[in-house]
Amino acid sequence: MRGDADRAFAALAAAAKIREITPYVVVETDLRPLHGDQRWLPFLERLGLSPKQLSAIEFKVELPR
């Protein structure tokens with residue numbers, strides 16, 4: 001699908017529909033060309049993986065003493 005954003009988004013939507021997509025989609029380097037596309041952020045939001053959604057997750061890490 002390289003160079004064809006429409007086909008790439010169709011494949012991503014199909015994978016998301018059958019739950020064959022992982023959170024790694026956010027950092028997958030092969031998908032970087034799609035990051036500037038206006039569909040990228042709404043796609044991440046549907047997955048619950050937008051920067052705003054991810055930054056709202058609270059982490060509390062306690063190191064062993």
Side-chain angles (χ1 to χ4, degrees):
M1 322 264 172
R2 289 185 183 265
D4 188 342
D6 292 337
R7 286 185 60 206
F9 276 105
L12 287 169
K17 188 174 183 178
I18 60 171
R19 299 181 190 266
E20 289 292 326
I21 204 158
T22 70
Y24 293 109
V25 71
V26 175
V27 295
E28 175 59 54
T29 58
D30 288 339
L31 299 176
R32 279 190 193 149
L34 300 177
H35 291 193
D37 190 290
Q38 64 183 1
R39 298 170 283 188
W40 182 247
L41 187 56
F43 172 72
L44 292 180
E45 287 171 348
R46 285 192 300 277
L47 295 176
L49 298 172
S50 74
K52 183 178 179 181
Q53 291 164 313
L54 293 176
S55 68
I57 298 171
E58 293 184 31
F59 291 96
K60 182 178 180 185
V61 178
E62 293 185 22
L63 299 175
R65 297 176 190 217

For the student: nearest non-hydrogen atoms of I21 and A16, plus distance: CG2-CA, 3.9 Å
Within this structure, what is the [atom1]-[atom2] distance for the pair [X] and [Y], rounded to the nearest 0.5 Å?
X: H35; Y: D37; atom1: NE2; atom2: CG; answer: 10.5 Å
X: Q53; Y: R46; atom1: CD; atom2: CZ; answer: 11.0 Å
X: F43; Y: Q38; atom1: CZ; atom2: CD; answer: 15.0 Å
X: L12; Y: R7; atom1: CG; atom2: CZ; answer: 12.5 Å

Between Y24 and L31, is there a side-chain heavy-atom distance shorter than 4.5 Å?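 Not in contact.
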Any residue meeting side-chain contact (heavy atoms from CB on, under 4.5 Å) with L49, in chain and number order, not counting sequence neighbours: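 With neighbours one apart ignored, the set is P23, V25, V26, L44, L47, L54.
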Are any of the side-chain nitrogens in K60 or E58 under 4.0 Å away from the carboxylate oxygens of its partner?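 Salt bridge absent between K60 and E58.
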Can L34 and E28 be said to form a side-chain contact (heavy atoms from CB on, under 4.5 Å), step by step? CA-CA 11 Å; L34 300 177; E28 175 59 54; over 6 Å; no
